[in-house]
Amino acid sequence: MAKDDLIGGSIWEEYSQKVQDLMNSPQNMGEITDEEAKAQGGKLIVADFGAESCGDAVRLYWVVDEETDIIKNAKFKSFGCGTAIASSDTMAELCLGKTVDQAVKITNIDVEFAMRDNPDIPAVPPQKMHCSVMAYDVIKAAAASYKGVDAESFEDEIIVCECARVSLGTIKEVIKINDLKSIEEITNYTKAGAFCKSCQNPGGHEEKEYYLVDILKDTRAEMEQEKMSALADAKIAGTESEMAFDDYTMVQKLKSVEAAIDKDIRPMLVMDGGNLEILDIKDTDDGMTDIYIRYLGACSGCASSSTGTLFAIESVLRETCSPKIRVLPI
Amino acid sequence: MRVYLDNNATTIVDPNVFAEMEPYFVQSYGNPNSLHQFGSESHPALRKAMDQLYKGLNASDNDDIVVTSCATESNNWVLKSIYYDHILNGEKDHIITSEVEHPAIISTCKFLEKLGVNVTYLPVNEKGIIETSTLKDAITDKTALVSIMWANNETGMLFPMKEISQICRENGILFHSDAVQAVGKIPVDVQELDIDFLSFSAHKFHGPKGVGGLYIKNSQALSPFFHGGEHMGGRRSGTLNVPGIVGMGKAMELAVENLDFEKNNVRRLRDKLEDAILKIDDVFVVGTREERTPNTILVSVKGIEGEAMLWDLNKSGIAASTGSACASEDLESNPVMEAIGAEADLAHTALRLSLSRFTTEEEVDYAVLALRKAVIRLRSISSTFAHTPDWHESKL
Ligand SMILES: Cc1ncc(COP(=O)(O)O)c(C=O)c1O
């Protein structure tokens, strides 16, 4: 743990000078009236996003030239913390002179980047990243209002982590390709969940449609499913042995051992009036798979059952299933 | 001008307390348990400090006041040792607390829940305190402990201690109170109030940080939280924090001497500040003045997010606090505001101002000006506060 975490640093120390300056005197704060918009030769667009009860709310005013779609003026008002005010201000600044289509491409990451003093040092601490997300959402709302469409239509993929703008598709793909097993790993690979953490689990700062815990669980289940069907396909194709015994589930291991016994061992025992049953199968800490068996019929009293026969059974199973098998008669 | 209005977070060490502590750093620094002059020369001061603590809380000689490192430790000790002593053995399975306790209680209870303890978090009413009827309903024959704070750190609201104590007694249930925000602000008398355990912390009443205490009625059994050498009679091991104990004793003495000052003078300044705040449009203060500790105001200022308010106040040199979303690491809105069911819109607009006996009239007057300035500026930025252009002229 970083020493600063142990002391518990103040988030204010992590604000860039730009954020502090904009917080103290925002440049594009204000309202635009219909008359003003007309005088400036454009159409007035007013869009709201967020609510006081969520802790953040912003209103964006645009004057848009209807001939060229260019945003000639932009102002904001904001209920929110310092970061929210500074981000809204920067967002309004970034809209100026752009066409509506260009403006829709501005993301919270662009806004945050524009507020950096040093391109390598974030403008705000991680937990404040979400305060810049609104800036992006309100632009979409304004563009939707200008074009008379639904704001959702600008989003072509499902965004799970809004702070880092990571999509559902990316997260699933990264889990599958890298065989990720924990949320920390997902965060390390994609940055999703690194900032306000709302998307990690339910119960965070914001309610979400998708949470990393669920995505991880579902994707792992999908992977398991895919593995099973691959195994089934391999069986049909007769290339089963390419799948390592070690990766089998317990049931798969049992089935494979049963199959080998049925094929190569049982007929041999039955010839002598004996048989065997599998009692249990266990993976051990030393990496072996122990198979507990009980001899039946003639075998149960046979002298070689704990020597020669056992040796034969074990070598057949080691040959056909896995070299790590140990057979233990009970 | 710098004005400190965050005394519920911590307080200035009274210079008289500091003076009392000073000799125990570089002169009489011996370990009081050692058999030599260096060690034994701290004994008179320790004895005096213990007398001051007992007197301050009006504890009897049969009771224990064990010095700990802070109220967080005292709270953890009670809750976890009740678990070890009464729940782990299957005798009981239940603890009752409230949903507006300090994290030192809430987080500990959450931890105990993971170990299988049933915990009831009593809801609070619109004033931010529990209704005793809910306590009665929550009690079962497996309830081991009721732990309810004396005064809330956010709102200053005082809980109905007498009634809670009585209900616990009638049901034969142990009763603990986190009295951190009460000690030094209002009389806390452990004989007048029948209570088993009570936590307090020196830095909330002008003593040093890192020292607190747990009152234990009739020296009753409670497994130690810190095992080790036989310090504090074996109840809490660790070499005695001599300057800390001396400082806490003196701070307690001064705090109790100043209770009338607290009730009259601090209260008067608090009320003055509150009157000025209430002149602002669309503000809302939790609880009536009589129901609160004399130093605290929790106000919601419509249209202004808490951290933004702190930012502007800080620029003017005013130290205040908020539990609101953006100001704290965990991004949650003020839990007390949520618990008291204030309009959801207000949950992010909470501002806490807390005075002390060191707060002056000039400071309060200055704070009023700074607060107005912040309100005017931030409401002009706010998208959720619609006002007529001249509202501040007519209202401020
Ligand atoms: C009600 C309450 N309980 C407990 C504590 C914790 O006190 P300490 O920091 O001394 O452990 C505080 C202080 O913030 C408090 O206000």
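Lettering of chains follows the sequences in order, A, B, ..., and the numbering in each one begins at 1.
- Across Asp312(B), Asn314(B), Leu378(B), the residue that shares the most heavy-atom pairs under 4.5 angstrom with chain A is Asn314(B).
- Side-chain contact of Ser199(B) with Asp178(B): a donor-acceptor pair under 3.5 Å is absent, judged by distance alone.
- Contact annotation for residues 102-118 of chain A against chain B (heavy-atom separation below 4.5 Å): no residues qualify.
- Taking the six-membered ring for Trp, Phe358(B) and His206(B) have ring centres closer than 6.0 Å.
- A cation-pi arrangement is found for Lys110(B) relative to Tyr121(B), the charged atom lying closer than 6.0 Å to the ring centre and inside a 45° cone about the ring normal.
- Partners of His203(B) under the ring pair (Phe, Tyr, Trp, His ring centres under 6.0 Å) rule, at least two apart in sequence or in another chain, do not exist in this structure.
- The 12-atom threshold is exceeded at OH of Tyr366(B), counting heavy atoms of other residues, nucleotides or ligands nearer than 6.0 Å.
- For a residue to count as touching a neighbouring chain, one of its non-hydrogen atoms must lie under 4.5 Å from one of that chain's; by this rule Pro125(A) does not touch chain B.
- Residues satisfying the side-chain contact (heavy atoms from CB on, under 4.5 Å) criterion with Gln20(A), sequence neighbours excluded, are Tyr15(A), Gln17(A), Trp311(B).
- Sequence neighbours left out, the pairs with a member in residues 25-34 of chain A that pass salt bridge (charged side-chain N to carboxylate O under 4.0 Å, His left out) are Glu31(A)-Lys77(A).
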